[in-house]
2 protein chains.
Amino acid sequence: MSVMVPGERVTIYDVAEAARVSTATASKALNDSGRMAVETRARIKRVAQELGFRPNSLAQSLTRKRSFTVGLLTNDSYGRFTLPVMAGISEGLIDHGVSVFLCAVGDKPELAQVHVEAMLDKRVDGIIATGKRVDRPLPVDLSRMPVPVVYALTAGPEEGLTILPDDRQGAGEAVRHLLAQGRRRIAHITGPRDFEVVHERALACAQVLAETAGASDAGALYGSWSEHWGHEAVAELWSQAQRPDGIFCGNDQIARGVVDALRERGVSVPGDVSVVGFDNWEIVAKETRPPLTTVDMNLKELGRQAGLALVRLVTGEPVDKGIWRLPCSLIVRSS
Amino acid sequence: MSVMVPGERVTIYDVAEAARVSTATASKALNDSGRMAVETRARIKRVAQELGFRPNSLAQSLTRKRSFTVGLLTNDSYGRFTLPVMAGISEGLIDHGVSVFLCAVGDKPELAQVHVEAMLDKRVDGIIATGKRVDRPLPVDLSRMPVPVVYALTAGPEEGLTILPDDRQGAGEAVRHLLAQGRRRIAHITGPRDFEVVHERALACAQVLAETAGASDAGALYGSWSEHWGHEAVAELWSQAQRPDGIFCGNDQIARGVVDALRERGVSVPGDVSVVGFDNWEIVAKETRPPLTTVDMNLKELGRQAGLALVRLVTGEPVDKGIWRLPCSLIVRSS
DNA sequence: CTCGATTGAGAAAACGGTTTCTCATACCAA
DNA sequence: TTGGTATGAGAAACCGTTTTCTCAATCGAG
């Protein structure tokens, strides 16, 4: 059992001395490189182990020209979407010995610039950009970086690698689920028109309805991402003669508002009307009465993929550029 | 205007050569150390500027024995509390040129261990531990680290430095606010008994009520942190003869459930009953009808303080150990 | 004019590793 | 024996900075 003495970490010189070899030999032994007698290699490794030797990453990085470090830029201060992505990135990279610099830049270009320079100075091997909006870039231009960049859940340049959830596929599954429940007249209540995902989801929704015999499209209502809007939209729909029996919502908050509004009107969910949300924001979806059926964007997996793609870029392995769309999963609950 | 050539960053040798001095002189000029003619210093700085020289942090760290890097350990996969803390840490540290390694460890001790070793190998100057629960430690022992550790929003050892919100003060303000609104009979609906914050807040609540003439304590109800429990608790309170006219809730979700339940019963908020929440989780608090008056724990500021405390520890400046309690703020809305 | 003090700048070592050579030794066949 | 070839290990250079020490040149005082 080795005792850790604060501030006195054991170096490769200590190992070399204890094993009575040169640092060159010690280094080669520990890295399984070079040529030497198997016993020598084993002895050096044993000594290193006994001494609790851990190589100084800084020194290694200096010669290896690789820091095993990447920068993570985010403008999301709230974390609802970003944190799962971050966790996935961190998890996917730690196996490769890669650590992640967290850079919360908000919307401030100067702050973003400072962070980018700080990470470049620290010689990150690559950068992951992530954000709260898929169709908005970060407040800094990353197209001329000296290291590879991957964009996850945020807008990147044409020629880069961008990883996004497959909103169309997710929305399609949601609508098909409603149809499979026997619903025929489907309405779509969603967020503001200027969000790209709003169009993607609406498009997929309309398309599935158009393709399905017997299904009728009650149209899409655009509003805000809030419960309040869910209430309003229900009021609007229920003021009309022909009412939907299935509602696909642009996110879980809207769905939450919709379900509450329906309950207040005495409409049974899922007895009379089925509702599907989007995001699988558990704290909302599980609290809704009844618990919400919704679409999960698998953000953690998306983060993991982003991390792995970046190390492939760093190590020069071939990677398909362009936009990757990762599948969403339908989470079936009671609504 | 300097052109960035990928992979060919300019070193201090380039600067020294261009300025016709030695690297020693160049280094001293750029760090405002050593002795030399003012014009020499200015010339070197100008040349460095023109060449777009940025020192290699790895090399600097190696000699300076400081990496200007800290590790951030978190077990919160959800980010509701942690992300503001992280943002605060990152913001507070970037001014000092310090970058933050993000380590999401979940509840897995092995993963935590791997991360700790990775950051120690990368020679972090210090570690910040943060978590989702104030009274639960992370799944790894940080008491024998070779670098300083600060605990933010998670349990740390006696002899360490732990930074927490002042739950008592926050709860006190909440209750005093209810009293100031003319409420006299106050109930406390809160989370599970095994959370320390639950006791802190309940204690402060009871204490303020006991100290205030004319105020009456309707008692505390313990349940889960959910809206559902808010509904249940209201049902319980309203089944009794004597009902409260002010309710202080342990978090915003409970408060949300309480407000909804009251509305469903035809009780006006804030007409008949005033409600105050805790957390200022805007996405819940602002969506509640009416918007929720609540307590903000100032988590971003807490994170900033944690970061600054850590750099003081790193640089050897005096820092009070023990538990710091940072004040909460009452956010007055309509409830 | 001389001598000590000050000034400005560079040589070299250090930080903790990796890697490319070089080289002595042992080995084998001729 | 000789000569060529593996083999095992070390010397030294290098990565990009910082820092300590040394030293020549200049300066001011006596």
Side-chain angles (χ1 to χ4, degrees), chain A residues 5 7-45 47-48 51-69 97 118 120-125 146, chain B residues 5 7-45 47-48 51-69 97 118 120-125 146:
Chain A
V5 183
E8 288 289 343
R9 299 202 52 156
V10 10
T11 72
I12 202 168
Y13 293 96
D14 303 324
V15 174
E17 189 178 353
R20 324 194 124 267
V21 292
S22 70
T23 61
T25 306
S27 175
K28 284 181 291 191
L30 297 171
N31 291 299
D32 284 322
S33 65
R35 280 182 330 202
M36 74 193 61
V38 280
E39 321 65 270
T40 309
R41 198 182 289 278
R43 174 165 50 91
I44 294 172
K45 282 186 174 179
V47 169
L51 261 46
F53 169 71
R54 308 234 57 190
N56 183 330
S57 271
L58 298 170
Q60 284 186 317
S61 303
L62 205 51
T63 56
R64 294 223 235 246
K65 306 286 188 188
R66 230 192 113 186
S67 66
F68 288 86
T69 277
L120 253 26
D121 289 348
K122 294 205 164 101
R123 294 305 191 267
V124 292
D125 298 327
Chain B
V5 183
E8 290 290 342
R9 300 202 48 157
V10 9
T11 72
I12 202 168
Y13 294 99
D14 302 324
V15 175
E17 190 180 350
R20 325 194 126 264
V21 292
S22 68
T23 61
T25 306
S27 174
K28 284 180 291 190
L30 297 171
N31 290 299
D32 283 323
S33 65
R35 282 183 327 202
M36 75 192 62
V38 280
E39 33 310 352
T40 308
R41 200 183 288 279
R43 174 165 49 92
I44 295 173
K45 283 185 174 178
V47 168
L51 260 45
F53 169 71
R54 308 235 56 188
N56 183 329
S57 271
L58 298 170
Q60 285 186 316
S61 304
L62 204 52
T63 56
R64 294 222 236 244
K65 306 283 189 191
R66 233 194 109 185
S67 65
F68 288 86
T69 276
L120 253 25
D121 288 349
K122 295 205 163 98
R123 293 306 191 268
V124 291
D125 298 328

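Quick caveat: nothing in here was measured; it's all calculated off a predicted structure.
D32(B) and K45(B) are joined by a salt bridge, as a carboxylate oxygen and a charged side-chain nitrogen come within less than 4.0 angstrom of each other.
Close to dG8(C), at under 4.0 Å from its OP1 or OP2, lies no side-chain N or O of T40(B). For the pair R64(B) and dT18(D), the criterion of a side-chain N or O lying under 4.0 Å from OP1 or OP2 is met. Under 4.0 angstrom from either OP1 or OP2 of dC14(D) there lies no side-chain N or O belonging to K65(A). OP1 or OP2 of dT18(D) lies within a sub-4.0 Å distance of a side-chain N or O belonging to Q60(B). Checking the phosphate oxygens (OP1, OP2) of dT18(D), a side-chain nitrogen or oxygen of N31(B) falls inside 4.0 Å. For the OP1/OP2 pair of dT18(C) and a distance below 4.0 Å, the side-chain nitrogens and oxygens of S27(A) include at least one atom meeting the criterion.
Taking atom CG of residue D32(A) and atom C1' of nucleotide dT18(C), one finds them 15 Å apart after rounding to whole Å. For the pair M36(B) CE and dC21(D) P, the computed distance is 18 Å after rounding to whole Å.
Nearest-nucleotide mapping onto DNA chain C: of A37(B) and T63(A), the residue sitting toward the 5' end is A37(B). Mapped onto DNA chain C by nearest heavy atom, T25(B) and L62(B) fall at different nucleotides, with T25(B) at the one closer to the 5' end.
With axes fitted over five pairs at each extremity, the angle between the ends of the helix from dC1(C)-dG30(D) to dA30(C)-dT1(D) is 60° (10° resolution).
At least one donor-acceptor pair closer than 3.5 Å links the side chain of T63(A) to the backbone N or O of Q60(A). Of the possible polar contacts, none joining the N31(B) side chain to the S33(B) backbone as a donor-acceptor pair under 3.5 Å is found. A donor-acceptor pair under 3.5 Å is absent between the side-chain atoms of R123(A) and the main chain of R66(A), judged by distance alone. Of the possible donor and acceptor atoms, none in the side chain of D121(B) sits under 3.5 Å from a partner among the backbone N and O of N56(A).
Within 3.5 Å, no donor on the side chain of K28(A) pairs with an acceptor on the base of dG8(D), nor the reverse.
Counting non-hydrogen atoms under 4.0 angstrom, R41(B) reaches nothing in the nucleic acid.
Among residue pairs with one or both ends in residues 11-31 of chain A, none qualify as salt bridge (charged side-chain N to carboxylate O under 4.0 Å, His left out); sequence neighbours excluded.
The line from CZ of F68(A) to OG of S61(A) is 7.5 Å long, rounded to the nearest 0.5 Å.
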